[in-house]
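A, B, ... follow the sequence lines: proteins, then strands. Residue 1 opens every chain.
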Protein chains: 2
Amino acid sequence: MPFDRSPSKAVTTSSLPKLKNVEVECSGCPIRHRAVCARCAPTELQRLEEIKYYRRYDAGQPIAWAGDDMGFVASVVKGVATISQTMADGRKQMVGLLLPSDFIGRPGRASTPYDVTAVSEVTLCCFRRKPFEQLLVTTPAVAERLLDMSLDELDAAREWMLVLGRKTAREKIASLLTIVARREATVGLSAMKGRIVVELPLTREAMADYLGLTLETVSRQISALKNEGILELDGKRRIVVPDIRLLMAETGDDMDGGLIA
Amino acid sequence: MPFDRSPSKAVTTSSLPKLKNVEVECSGCPIRHRAVCARCAPTELQRLEEIKYYRRYDAGQPIAWAGDDMGFVASVVKGVATISQTMADGRKQMVGLLLPSDFIGRPGRASTPYDVTAVSEVTLCCFRRKPFEQLLVTTPAVAERLLDMSLDELDAAREWMLVLGRKTAREKIASLLTIVARREATVGLSAMKGRIVVELPLTREAMADYLGLTLETVSRQISALKNEGILELDGKRRIVVPDIRLLMAETGDDMDGGLIA
DNA sequence: CGATTCCTTGAGACAGCTCAATTTCGGTGG
DNA sequence: CCACCGAAATTGAGCTGTCTCAAGGAATCG
């Protein structure tokens with residue numbers, strides 16, 4: 001899921017005159033076919049076109065704090081953001097990872113119960129909440145797509161509950177990396193069999209917050225997997241998986257259904 | 001294997017020749033105002049009335065296994081069911097608790113990825129999947145309500161991720177009991193201030209599977225809370241909460257926003 | 001090239017797990 | 001109604017995986 005860092009991968013986070021080019025017409029939008037607007041007919045897109053607007057966030061910048069009135073809902077066009085909850089004493093749990101095409105906000109409710117944070121540079125396609133709610137009524141295609149996306153997210157959340165509740169630290173790390181590696185492979189940059197290079201946008205601490213671990217445990221487990229040859233590190237944020245089957249064997253999952261084709 | 005507490009047991013929940021009487025007209029349905037049909041106009045209810053049918057499950061009986069083609073979707077009318085996932089080696093994680101008015105099944109997808117099990121005697125109000133999907137298109141009131149309920153479940157799942165990932169055993173137990181107690185109180189049987197009697201249909205093992213703990217740890221934590229006067233046990237399955245604020249103080253949550261009114 | 005941030009590694013502590021009795025509850029049959 | 005039985009719950013004792021605290025070591029950025 002994570003890393004997008006699409007365009008040219010260039011030199012880390014620099015080299016970005018792009019940003020302006022993201023603001024395109026819906027018809028040419030990179031997430032046109034996956035986002036909440038995916039099922040809209042051209043005439044419906046027209047209406048969206050009229051009320052949408054873009055917002056940009058730098059890496060590390062908050063998009064919303066828990067309790068905030070967001071005033072808008074949005075689709076992630078570009079970049080990675082996290083949804084997290086923090087307890088009074090500082091314990092933190094990530095509860096969602098927002099990738100391009102994912103939806104932010106809840107129609108019918110003004111304030112988010114979660115913190116939303118840009119992890120990399122993020123571009124959102126926003127709609128003011130009220131008009132969007134109106135849209136849900138007048139445009140069934142949007143409502144249907146939103147229901148489907150919400151149910152997908154619910155499934156993802158439930159899968160993560162198994163990871164959090166029942167897996168060992170080692171299995172948790174393997175599960176996270178498998179998901180990222182598989183996504184990376186699906187997007188097509190690497191074959192499912194060969195070496196997969198995972199550009200991981202999360203710090204050890206963010207991974208720990210995702211997995212319900214401490215950053216030290218994350219570090220130790222990654223080191224262990226490295227020493228066993230299951231993965232290789234290339235700098236701090238790049239992980240190479242020589243054979244994803246070896247990694248998948250460490251997730252504790254059933255495994256048979258796996259392997260994309 | 002969970003518990004029986006089956007049909008007659010008489011006394012306790014008695015005074016209702018029930019079961020047969022559950023099969024009523026929608027207008028007199030106990031979950032009329034909370035279920036997926038909540039926002040239907042009388043004429044729309046009419047249509048539901050025509051295609052609904054009831055199913056009953058005994059305590060402990062499976063409603064669906066992971067991978068099954070369910071063929072129907074349903075509302076829980078009465079009783080408690082669980083949604084769970086099991087790993088190859090037997091580790092199990094509950095990912096949802098289905099109480100009256102909750103919805104089972106996913107429109108647009110034939111097979112569940114989860115095991116669904118009746119924990120107490122359960123009555124479902126069912127709709128065959130295809131007609132229901134049709135209904136979603138023709139009856140916006142149902143689609144809207146379903147979206148809202150799904151988003152509520154997503155919130156609940158995310159809240160549970162925090163519980164699973166970051167809370168201590170004691171906090172986990174307190175969180176579970178608070179949720180059940182609050183729901184019990186909301187339904188109106190007890191005031192939010194006074195003693196709340198929680199009829200808990202879950203075995204220690206089921207609670208453990210919910211919380212990502214072992215049954216021994218669950219037992220120990222409940223004993224500890226009992227010894228501190230935060231809760232009282234009345235038999236095996238009934239828990240009395242003298243002051244829910246004391247219990248809520250043990251959840252680790254912020255607490256201020258709490259207390260219904 | 002210096003500073004900061006992030007990562008790694010170590011040593012000891014402890015929450016929750018495992019294994020193992022024992023007790024209690026709730027239903028059943030005498 | 002009471003004694004008995006099995007399932008579930010409790011409790012104990014020791015073990016272990018993960019956390020905590022702490023000290024370096026690398027990578028990235030200005």
[N] [atom2] sits how many Å from [X] [atom1], rounded?
X	N	atom1	atom2	answer
Arg170(B)	dA15(C)	CZ	P	12 Å
Lys172(A)	dG17(D)	NZ	C1'	11 Å
Leu164(A)	dG17(D)	CG	P	20 Å
Asp209(A)	dC7(C)	CG	P	12 Å
Leu231(A)	dT8(C)	CG	C1'	15 Å
Arg238(B)	dC25(C)	CZ	C1'	13 Å
Asn227(B)	dT10(D)	CG	P	11 Å
Ile173(B)	dA15(C)	CD1	C1'	14 Å

Query - Angle by which the axis turns from one end of the helix from dC1(C)-dG30(D) to dG30(C)-dC1(D) to the other, five pairs per end, to 10 degrees - result: 40°
Taking only the side-chain nitrogens and oxygens of [X], find out if one of them lies under 4.0 Å from OP1 or OP2 of [N].
X	N	value
Arg237(B)	dA9(D)	yes
Arg220(B)	dG16(C)	no
Thr168(B)	dA15(C)	no
Thr217(A)	dT18(D)	no

I'd like to know if [X] and [Y] make a salt bridge, using a cut-off of under 4.0 Å between side-chain N and carboxylate O.
X	Y	answer
Lys167(B)	Asp253(B)	yes
Lys78(B)	Glu121(B)	yes
Glu205(A)	Lys92(A)	no
Arg170(B)	Glu228(B)	yes
Lys236(B)	Asp234(B)	no

Regarding [X], tell me which of base, sugar-phosphate or nothing describes its non-hydrogen contacts under 4.0 Å with the strands shown.
X	answer
Leu213(A)	sugar-phosphate
Gly60(A)	nothing
Thr203(A)	sugar-phosphate
Leu233(B)	sugar-phosphate

If you check the [X] side chain, which of [options] turns out closest?
X	options	result
Thr214(A)	dG16(C), dT20(D), dT10(D)	dT20(D)
Lys236(B)	dT9(C), dT18(C), dA9(D)	dA9(D)
Arg204(A)	dC19(D), dT8(C), dT11(D)	dT8(C)

**Report entry** Donor-acceptor pair present, Glu216(B) side chain and dC19(C) base, under 3.5 Å
**Finding:** yes
Query raised in the report: Would Thr214(B) and Thr217(B) count as having a side-chain donor-acceptor pair, cut-off 3.5 Å?
Result: yes
Query raised in the report: Between the side chains of Asp155(A) and Tyr114(B), does any donor sit under 3.5 Å from an acceptor?
Result: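 Yes.
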Query raised in the report: Mapping Gly235(A) and Val218(A) to their closest nucleotides on DNA chain D, which lands nearer the 5' end?
Result: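 Nearest nucleotide further toward 5': that of Val218(A).
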Query - 5' precedence on DNA chain C between Ala169(B) and Ser223(A) (nearest-nucleotide basis) - result: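 Closer to the 5' end of DNA chain C: Ser223(A).
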Query raised in the report: Got a sec, which residues hit side chain to side chain contact (heavy atoms under 4.5 Å, CB included) with Ile179(B), two or more places apart in sequence or on another chain?
Result: Glu159(B), Trp160(B)
